[in-house]
Amino acid sequence: MELEKILFGVLRVMTPLGPRYLQPSFLQRAYLMWVFRNFKTLPVKVLSRRQQRLVEAMCDKNRFVSIGVGIEDSPLIGTLEQRPPISSSSLPQRRPSSSVTDSVAPFATNVRH
């Protein structure tokens, strides 16, 4: 079983949208097996900063495995209870849509009268 985990194991990440599965590299699998050596499920909060960066990097590189590609047969290394938060600096800047404010403004003036 341990040999199967190190060769073909996946990491399950529980997200608000449901479970997602990550396919780590060989070295990442070996490291994650050490992280999950005593527990099957861990919350992200208990991971060290280095371990959190590893999971974030795997998520950023889009190493997700599609459902139905033998995921049921893949050995599970462990489960993270939630995906690490994405830093706001990596998100693109959003500007307000003028079309929304223009369409809402007449309704707001009607309410005041």
Side-chain angles (χ1 to χ4, degrees):
M1 183 65 173
E2 297 299 316
L3 182 63
E4 289 177 3
K5 279 186 183 182
I6 203 160
L7 293 176
F8 308 110
V10 294
L11 176 66
R12 180 171 40 199
V13 180
M14 301 304 288
T15 67
L17 299 176
R20 303 284 308 266
Y21 296 88
L22 290 168
Q23 181 68 54
S25 68
F26 179 78
L27 292 176
Q28 289 170 336
R29 281 192 299 270
Y31 183 66
L32 288 169
M33 284 180 60
W34 180 80
V35 171
F36 286 94
R37 69 192 178 277
N38 294 321
F39 303 98
K40 293 181 181 185
T41 303
L42 289 172
V44 174
K45 293 178 182 179
V46 301
L47 298 180
S48 70
R49 185 66 196 140
R50 177 179 182 222
Q51 295 163 347
Q52 289 178 9
R53 281 195 310 264
L54 171 71
V55 174
E56 289 172 3
M58 288 190 315
C59 292
D60 289 344
K61 290 182 182 178
N62 209 8
R63 299 197 59 122
F64 292 103
V65 179
S66 300
I67 300 290
V69 185
I71 198 69
E72 298 85 15
D73 299 331
S74 297
L76 192 62
I77 296 171
T79 302
L80 284 176
E81 288 185 349
Q82 70 183 51
R83 183 169 184 246
I86 299 173
S87 63
S88 60
S89 61
S90 65
L91 296 175
Q93 290 291 334
R94 299 180 89 184
R95 55 190 177 119
S97 173
S98 62
S99 64
V100 171
T101 55
D102 292 341
S103 63
V104 172
F107 295 112
T109 58
N110 289 342
V111 171
R112 291 182 191 151
H113 291 114

Check: Side chain of R20, backbone of V13: donor and acceptor closer than 3.5 Å?
Finding: no

Notebook entry, point to check: For the side chain of Q52 and the backbone of V44, is there at least one donor-acceptor N/O pair under 3.5 Å apart?
Noted result: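 Side chain of Q52 to backbone of V44, a donor-acceptor pair under 3.5 Å: yes, one is there.
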
For [X] and [Y], which heavy atoms make the closest approach, and how far apart are they?
X   : Y   : value
Q23 : F8  : NE2-O, 4.3 Å
T79 : M14 : CG2-CG, 3.6 Å
G9  : P24 : O-CD, 3.7 Å

Next item on the list: Test side-chain contact (heavy atoms from CB on, under 4.5 Å) on L42 and V35 and set out the steps.
Entry: CA-CA 9 Å; L42 289 172; V35 171; 4.0 Å; yes

Next item on the list: Check the pair F36, L80 against side-chain contact (heavy atoms from CB on, under 4.5 Å), reporting the backbone distance first and the verdict last.
Entry: CA-CA 10 Å; F36 286 94; L80 284 176; 3.9 Å; yes

Quick one: [atom1] on [X] to [atom2] on [Y], what's the gap to the nearest 0.5 Å?
X   : Y   : atom1 : atom2 : answer
L54 : S48 : CG    : OG    : 9.0 Å
R12 : E81 : CZ    : CD    : 11.0 Å
I77 : E2  : CD1   : CD    : 10.0 Å

Check: Taking 4.0 angstrom as the limit, do R49 and E56 come out as a salt bridge?
Finding: yes

Next item on the list: Measure the shortest side-chain to side-chain distance between R29 and F26 over non-hydrogen atoms and say whether it is less than 4.5 angstrom.
Entry: yes

Note to self: Apply side-chain contact (heavy atoms from CB on, under 4.5 Å) to residues L76 and V10 and explain how you reach the verdict.
What the structure shows: CA-CA 5 Å; L76 192 62; V10 294; 4.1 Å; yes

Notebook entry, point to check: Cluster question for you: counting only ILVMFWY and a side-chain heavy-atom cut-off of under 4.5 Å, with indirect links fine, are M58 and L17 together?
Noted result: no

